[in-house]
Amino acid sequence: MYPRLVIDLKKLKSNLDAVAHITKDEGGCSLMIVTKGLCADKEMVHVVADHPAVDFVADSRVKNIRTYADEVREKGKKTVLLRIPMHDEAADVVRYVDLSFNSELSTIRLLDQEAGKLGVKHSVLLMIDLGDLREGIFYQNEELIFQTVEEILKMENIQLYGIGVNLTCYGAIIPKNDNLSNLTAIALKIEEKFGISLKMVSGGNSSSIYLVEKGELPEGINNLRLGESFLLGNDTAYGTKLPGTTGDALVLEAQIVELKEKPSLPIGEVGVDAFGQKPYYEDRGIIKRAIIAVGKQDTDIDSMEPVDDKIDILGGSSDHIILDVTKSDTEYKVGDVVRFTLGYGGMLKTATSAYVEKAYIR
Ligand SMILES: *Cc1c(COP(=O)(O)O)cnc(C)c1O
């Protein structure tokens with residue numbers, strides 16, 4: 001059935017080989033693979049959990065992690081929760097998650113209590129904000145960082161596993177040697193002040209991996225967390241393709257339900273479209289317009305690219321996308337399937353939509 005997301009597990013495996021090589025062999029870092037971009041798809045998780053280079057398997061949602069916690073732990077790897085936990089989920093966090101990212105003492109206290117009830121030790125990574133302005137204690141507020149560490153160290157069931165940073169998400173700030181060096185400096189200060197050693201100094205996501213290749217990852221960063229670079233092969237700092245990866249491990253396929261020659265300009269007074277936006281139309285004269293049975297409910301039309309590069313995406317609404325197939329070398333007809341590679345947004349929505357089937361290439 002269409003629409004469907006075709007997941008090539010062999011290509012995902014070779015993407016994983018490639019990012020593992022950069023991160024571990026060249027970068028000397030431990031490897032955390034992030035599963036949220038594909039909603040923790042089970043077959044993808046098998047590939048990740050089976051890979052000998054993967055040390056941690058992470059997601060932003062406990063609901064995803066609980067589907068694979070047993071498998072990942074059996075294979076000797078740790079589960080990681082990336083999003084700062086809700087108070088409400090503390091009990092589930094200590095059950096399914098080995099290491100959670102945190103920035104709020106009140107939440108860490110709850111994790112301590114729940115870990116005590118369950119009779120486990122829970123590890124936390126304290127997030128430091130280096131200027132991207134999403135989660136973490138602001139790096140210039142060293143007093144708050146030290147106070148928080150001091151309180152964590154008093155807790156009976158919590159281990160301070162390390163510190164970390166997230167960049168290029170909200171503020172689109174690019175990781176560099178100089179901003180990441182602030183993180184390694186803070187790590188050293190914590191270790192000296194409290195006489196402890198931090199196991200992990202986590203230097204970011206798929207936007208940090210390019211620093212390895214440039215030889216600019218600061219000494220002291222010993223972990224990277226990779227989602228998009230593994231799934232789509234992207235270095236997300238500058239939008240380049242990482243060596244040895246491919247961007248077509250995931251392909252969205254949709255079927256043509258109407259194909260007609262019509263004008264390219266709508267006729268009548270222009271108001272707003274189905275999403276309240278004022279559309280822009282280019283006059284291409286009479287064109288061949290194909291409607292495919294997939295829409296904004298299933299994907300992000302700004303984050304998908306036809307494999308046939310002579311097709312243009314004209315627009316869409318909830319359940320339809322309209323394509324200009326005039327220039328294509330293929331004589332499309334109703335019933336034909338059109339294929340698209342995806343960007344991060346397209347991948348995320350496609351994997352989340354209950355209307356998109358999944359198919360696997362093994
Ligand atoms: C989503 C996320 C990642 C992975 O990001 P990619 O750009 O997909 O590599 C890493 N760390 C945190 C905290 C995240 O939320």
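A quick note: this is a predicted structure, and the numbers were derived from the prediction, not measured. Order of appearance sets the numbers: ligands from 1, and atoms from 1 within every ligand.
- Clustering of Ile, Leu, Val, Met, Phe, Trp and Tyr side chains at separations under 4.5 Å leaves Leu110 isolated, with no partner residue.
- A salt bridge is absent between Lys296 and Asp300: the closest approach of a Lys/Arg side-chain nitrogen to an acidic carboxylate oxygen does not fall below 4.0 angstrom.
- Asp298 and Ser353 share a side-chain donor-acceptor pair at under 3.5 Å.
- Listed by chain and residue number, the protein contacts of ligand 1 are Val34, Lys36, Leu82, Arg134, Glu135, Asn166, Asn205, Ser206, Arg225, Leu226, Gly227, Glu228, Tyr344 (heavy atom within 4.0 angstrom).
- For Arg284 and Asp324, the salt-bridge test passes: some basic side-chain N is under 4.0 Å from an acidic carboxylate O.
- Grouping Ile, Leu, Val, Met, Phe, Trp and Tyr by side-chain contacts under 4.5 Å, direct or through others, puts Val34 with Met32, Phe56, Val80, Leu82, Ile84, Leu99, Phe101, Leu125, Met127, Tyr161, Met200.
- Remark: Arg73 engages Asp98 in a salt bridge (Lys or Arg N to Asp or Glu O under 4.0 Å) (not counting sequence neighbours).
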